[in-house]
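What follows is a set of notes on a single structure, which appears directly below.
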Amino acid sequence: EEDIFRKMYYTIKDMLEDSGFVQYEVSNFSKSGFRCKHNISYWKLKNYVGFGPSAASFINGRYLRNVSDLNTYVNLIDSGLLPFEEVISFNDEEIKKLKLSMGLRLIEGVNLEELGVKSLFDRRLASGKLLLLEESGYISYNGTVLKVEREGLFILDFIERIIIDELFQ
């Protein structure tokens, strides 16, 4: 049940924090100085390259996923062909949505000014759903950085959807 899952989530979160772990992403904790750089690069939508069957890459706004079958992968490479099974190119608006969605996973939040949606967010925050999220304590906004707060982490997907819908309708 959702209530039990919620209690379990916050109990585990509190236990980890009481043991010296710091939450840096909705589902990741670490000791100070030991954050997973690999995962953070995903959440910040930085370029990365994956090698091998089923590996994924993100390069300059394009998501690429290799074929999963090892023999097919090797045969394509041996033939001088790229082993991509899936290629998705994102336009500028889609990149902004992805960066916003992924950035909200980070406890530090996402810089809306760097993302280029600060003025739009400021206008939308004046009333409606975004203001309700802020007044309810699910999100916080300091004029530049938007964060999902403790109680909002449990319903992060719902909050992300509202924010993206409000900004990109």
Side-chain angles (χ1 to χ4, degrees), residues 1-48 50 56-64 88-169:
E1 291 181 30
E2 186 174 327
D3 286 344
I4 293 171
F5 186 69
R6 180 188 306 269
K7 287 176 188 173
M8 290 170 63
Y9 175 83
Y10 288 114
T11 298
I12 292 168
K13 177 179 171 19
D14 291 341
M15 288 173 61
L16 285 167
E17 289 173 348
D18 290 347
S19 297
F21 288 83
V22 176
Q23 186 175 20
Y24 65 95
E25 191 259 344
V26 67
S27 60
N28 287 295
F29 295 75
S30 73
K31 292 283 188 172
S32 183
F34 289 94
R35 292 180 175 186
C36 180
K37 293 176 184 176
H38 176 80
N39 286 354
I40 291 173
S41 66
Y42 287 150
W43 308 145
K44 293 191 175 189
L45 218 58
K46 293 183 178 181
N47 288 336
Y48 59 89
S57 304
F58 187 83
I59 304 169
N60 300 327
R62 289 179 57 200
Y63 172 81
L64 312 156
I88 302 172
S89 296
F90 297 97
N91 64 36
D92 289 341
E93 183 175 293
E94 291 168 329
I95 292 289
K96 286 181 182 182
K97 288 178 185 179
L98 281 170
K99 284 186 175 182
L100 180 59
S101 178
M102 300 297 247
L104 288 172
R105 294 184 61 86
L106 295 168
I107 300 304
E108 69 191 41
V110 61
N111 186 314
L112 298 183
E113 195 164 34
E114 288 176 4
L115 192 55
V117 296
K118 179 190 175 329
S119 60
L120 178 59
F121 186 86
D122 289 343
R123 286 192 306 275
R124 299 270 202 252
L125 183 63
S127 63
K129 294 176 184 176
L130 296 178
L131 183 60
L132 183 60
L133 287 175
E134 185 178 49
E135 288 175 346
S136 300
Y138 291 120
I139 63 171
S140 64
Y141 177 60
N142 69 6
T144 305
V145 175
L146 175 64
K147 294 182 186 182
V148 177
E149 294 298 334
R150 177 182 167 91
E151 293 303 316
L153 292 174
F154 185 75
I155 56 170
L156 178 62
D157 292 342
F158 175 72
I159 289 171
E160 285 176 9
R161 179 63 16 226
I162 290 172
I163 293 169
I164 288 170
D165 286 350
E166 287 295 303
L167 294 181
F168 300 97
Q169 40 183 302

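Worth saying up front: this structure is predicted, and the values here are computed from it rather than measured. Just the heavy atoms: all of them, side chains too, but no hydrogens, waters or symmetry mates, feed the values below. Residue indices begin at 1 and follow the sequence shown.
Val148 and Leu153 make their closest contact through CG1-N, 3.7 Å (heavy atoms, listed as atom of the first residue, atom of the second, distance). When all heavy atoms of Asn142 and Thr144 are compared, the pair lying nearest together is OD1-N, 2.8 Å. Between Leu45 and Lys99 the shortest heavy-atom distance is CD2-CG, 3.6 Å. Taking every heavy atom of both residues into account, Asn47 and Asn60 meet most closely at OD1-N, 2.8 Å. Here the closest heavy-atom approach between residue Ile164 and residue Ser101 is recorded as CD1-CB, 3.9 Å. Taking both residues in full, the closest heavy atoms of Leu156 and Leu104 are given as CD1-O, 3.9 Å, listed atom of the first, atom of the second, then distance.
Counting heavy atoms from C-beta outward, Val117 and Phe168 have side chains that approach closer than 4.5 Å. When side chains are defined from C-beta on, Leu16 does not count as touching Gln23, because their heavy atoms never get closer than 4.5 Å. Put simply, the side chain of Tyr9 reaches to within 4.5 Å of the side chain of Val26, judged on heavy atoms. Between Arg35 and Glu25 there is no side-chain heavy-atom pair separated by less than 4.5 Å. Inter-residue side-chain proximity for Leu130 and Tyr141 is flagged as unmet; no heavy-atom pair is nearer than 4.5 Å.
In terms of modelled atom types and a separation under 3.5 Å, the side chain of Tyr42 and the main chain of Tyr48 share no donor-acceptor contact. A donor-acceptor contact shorter than 3.5 Å is absent between the side chain of Glu149 and the backbone of Glu151. Within the 3.5 Å criterion, the main-chain N or O of Ile163 finds no donor-acceptor partner in the side chain of Glu166. The main-chain N or O of Lys97 is never found under 3.5 Å from a side-chain atom of Glu94 such that the two would form a donor-acceptor pair. Put simply, the side chain of Ser89 never gets that close to the backbone of Arg62: no donor and acceptor are under 3.5 Å apart. Under a 3.5 Å cut-off, the side chain of Ser41 and the backbone N or O of His38 do form a donor-acceptor pair.
Within the model, atoms CG of Asp165 and NZ of Lys129 stand 7.0 Å from one another, a figure rounded to the nearest 0.5 Å. One finds the CG atom of Asp122 at 7.0 Å from the CG atom of Leu125 (value rounded to the nearest 0.5 Å). Note that NZ of Lys147 and CG of Leu106 are 11.0 Å apart. Values are rounded to the nearest 0.5 Å. For the atom pair Ile95 CD1 and Met102 CE, the distance stands at 10.5 Å (nearest 0.5 Å). Summarising the geometry, atom CZ belonging to Phe29 is positioned 7.5 Å from atom CD1 belonging to Ile107; distances are rounded to the nearest 0.5 Å. Rounding to the nearest 0.5 Å gives a distance of 7.0 Å between CG of Leu146 and CG of Leu100.
The aromatic rings of Phe154 and Phe5 sit tilted relative to each other, their planes meeting at an angle between 30° and 60°.
Salt bridge annotation for Glu108-Lys44: present, with a cationic side-chain nitrogen under 4.0 angstrom from a carboxylate oxygen. A salt bridge does not link Asp157 to Arg161: none of the charged side-chain nitrogens sits closer than 4.0 Å to a carboxylate oxygen.
No more than 12 heavy atoms of other residues, nucleotides or ligands shown are found within 6.0 angstrom of NZ on Lys37. The environment of CD in Glu1 is sparse: at most 12 heavy-atom neighbours from other residues, nucleotides or ligands sit within 6.0 Å. The 12-atom threshold is not exceeded at OH of Tyr138, counting heavy atoms of other residues, nucleotides or ligands nearer than 6.0 Å. Counting heavy atoms of neighbouring residues, nucleotides and ligands inside a 6.0 Å radius, atom CG of Asp92 does not exceed 12 of them. When the shell of 6.0 Å around CZ of Phe34 is examined, it contains 12 or fewer heavy atoms from other residues, nucleotides or ligands.
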Could you please spell out the steps behind the side-chain contact (heavy atoms from CB on, under 4.5 Å) verdict for Phe21 and Met15? CA-CA 9 Å; Phe21 288 83; Met15 288 173 61; over 6 Å; no
Trace of the side-chain contact (heavy atoms from CB on, under 4.5 Å) decision for Leu120 with Leu112: CA-CA 9 Å; Leu120 178 59; Leu112 298 183; over 6 Å; no
Mind running side-chain contact (heavy atoms from CB on, under 4.5 Å) on Tyr10 and Arg150 for me, showing each step along the way? CA-CA 9 Å; Tyr10 288 114; Arg150 177 182 167 91; 3.5 Å; yes
